[in-house]
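Atoms within a ligand are numbered from 1 in the order they appear, just like the ligands themselves. Residue numbers start at 1 and run along the sequence shown.
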Amino acid sequence: MIHAVYPGSFDPVTRGHMDIICRAAKMFDHLTVAVARNLNKPAGSFAADERVELLRRCTANLPNVTVDVCDGLLADYIKRIGALAVVKGLRAMSDFEQEFQQALINKKLNPDMETVFICSSVEYTYLSSSMVKQVGSLGGDISDFVPPEVKEDIINRIQNRA
Ligand code: ADP
């Protein structure tokens, strides 16, 4: 049984994230989507609990996917929940450099864990959570960028903050 973790900020979840989640769910027996709550980084636009709730709604039809919050070191979290692999999505070479360094550090901290990179589907290569927030806060249409079941909540949240 191979258990993988897909970590990220998911601030908020996008169709690019969902593409990686659906593809990883087919590759592994169980996938935990881990919302990182990094206490050293400024708080995201969405609270960790909100990000979890949006992800749970989008993954409700994927029986081998669960959503959790991850505090602290990813290498320790992986050990604690008994997972083997970390899944990362790659949009461009610019993602690679940082992800490669992180994968090597994680391997050093936890030699049992493996990092698996999944290439973004070409239609989502340009997509990021920050772009969704930027377009949405200026009144742009984000329908193609976020899953339909959470679109209204994301728009309300982004526009109430602005
Ligand atoms: P962002 O960089 O948009 O703030 P996150 O920290 O939430 O994203 O990203 C979590 C993971 O999802 C990372 O591995 C990131 O590279 C990947 N990812 C984000 N957006 C996409 C996308 N559009 N296509 C593929 N992978 C993505």
Side-chain angles (χ1 to χ4, degrees), residues 3-28 31-59 62 65-75 77-78 81 83-107 109-110 113-137 140-151 153-155 157-158 161:
H3 182 179
V5 172
Y6 177 39
S9 17
F10 306 103
D11 188 36
V13 59
T14 68
R15 286 187 188 237
H17 294 132
M18 287 310 298
D19 174 52
I20 300 293
I21 290 173
C22 292
R23 291 161 64 197
K26 289 186 196 146
M27 295 169 62
F28 300 102
L31 182 72
T32 298
V33 181
V35 173
R37 190 165 40 187
N38 187 340
L39 300 176
N40 298 324
K41 271 195 186 168
S45 310
F46 291 75
D49 289 349
E50 281 180 284
R51 294 183 251 152
V52 167
E53 201 276 317
L54 296 175
L55 276 162
R56 287 207 173 122
R57 226 184 299 158
C58 298
T59 55
L62 298 169
V65 175
T66 49
V67 184
D68 192 14
V69 171
C70 161
D71 290 306
L73 273 181
L74 182 64
Y77 177 77
I78 298 284
I81 68 168
L84 172 73
V86 170
V87 170
K88 289 301 193 92
L90 286 183
R91 284 162 288 195
M93 279 307 285
S94 50
D95 275 348
F96 181 73
E97 210 167 321
Q98 153 110 19
E99 294 293 356
F100 186 52
Q101 188 181 15
Q102 248 179 46
L104 293 176
I105 291 199
N106 282 334
K107 189 79 181 159
L109 295 170
N110 176 356
M113 73 187 262
E114 299 296 343
T115 300
V116 175
F117 294 112
I118 299 182
C119 290
S120 163
S121 292
V122 73
E123 64 268 41
Y124 300 125
T125 302
Y126 62 88
L127 194 52
S128 67
S129 297
S130 51
M131 279 299 155
V132 167
K133 287 182 281 193
Q134 209 169 323
V135 172
S137 66
D141 182 7
I142 59 167
S143 307
D144 287 345
F145 306 157
V146 299
E149 55 272 59
V150 292
K151 183 183 114 180
D153 281 352
I154 291 177
I155 291 174
R157 187 70 178 72
I158 291 173
R161 209 175 50 94

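If you look at Pro7 next to ligand 1, the close heavy atoms, those under 4.0 Å, all belong to the backbone. Residue contacts with ligand 1, taken as heavy atom pairs separated by less than 4.0 Å, involve Glu99 solely via side-chain atoms from C-beta onward.
Taking a cut-off of under 4.0 Å to the non-hydrogen atoms of Tyr124, the atoms of ligand 1 that pass are 22 (C), 23 (N).
If you check which protein heavy atom lies closest to atom 24 (N) of ligand 1, you get Ser120 OG, 3.4 Å. When only non-hydrogen protein atoms are considered, atom 3 (O) of ligand 1 lies nearest to Ser129 N, 3.2 Å. Protein heavy atom at the shortest distance from atom 16 (O) of ligand 1 is Gly89 O, 2.5 Å. Looking only at protein heavy atoms, the nearest one to atom 6 (O) of ligand 1 is Ser9 OG, 2.9 Å.
At a 3.5 angstrom cut-off on N or O pairs, Lys88 does not count as close to ligand 1. Considering backbone and side-chain N/O atoms, His17 comes within less than 3.5 Å of an N/O atom of ligand 1. Considering backbone and side-chain atoms alike, Phe10 places an N or O below 3.5 Å from some N or O of ligand 1. At under 3.5 Å, not a single nitrogen or oxygen of Ser128, backbone or side chain, sits near a nitrogen or oxygen of ligand 1. Between Ser130 and ligand 1, a contact under 3.5 Å exists for no N or O pair. Looking at Ile20 next to ligand 1, no N or O pair under 3.5 Å apart turns up. Considering both main-chain and side-chain atoms, Tyr6 comes within under 3.5 Å of ligand 1 through a nitrogen or oxygen pair. Where the criterion is an N or O separation shorter than 3.5 Å, residue side chain and backbone included, Arg91 meets it with respect to ligand 1.
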Using the rule given for salt bridge (charged side-chain N to carboxylate O under 4.0 Å, His left out), can you reason through Arg157 versus Asp153, listing the C-alpha separation, both sets of side-chain angles and the distance that settles it, and then say yes or no? CA-CA 6 Å; Arg157 187 70 178 72; Asp153 281 352; over 6 Å; no
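No more than 12 heavy atoms of other residues, nucleotides or ligands lie within 6.0 Å of CZ in Phe100, so this atom counts as exposed by the packing criterion.
For an aromatic pair to be called close, the ring centres must be under 6.0 Å apart, and Phe28 with His3 fails this.
In this structure, a donor-acceptor pair under 3.5 Å is absent between the side chains of Lys107 and Thr115. Counting only N and O atoms by type, the side chains of Asp11 and Ser129 include no donor and acceptor under 3.5 Å apart.
Contact check on Lys88 versus Asp95 returns no salt bridge, with no Lys/Arg side-chain nitrogen under 4.0 Å from an Asp/Glu carboxylate oxygen.
The closest donor-acceptor contact from the side chain of Arg51 to the backbone of Val69 lies at 3.5 Å or more, if one exists at all. Formation of a donor-acceptor pair under 3.5 Å by the Glu97 side chain with backbone atoms of Ser94 is not found in this model. A donor-acceptor contact shorter than 3.5 Å is absent between the side chain of Asp68 and the backbone of Ala34.
Relative to the ring axis of Phe145, Arg15 does not place its NZ or CZ within 45° and under 6.0 Å from the centre.
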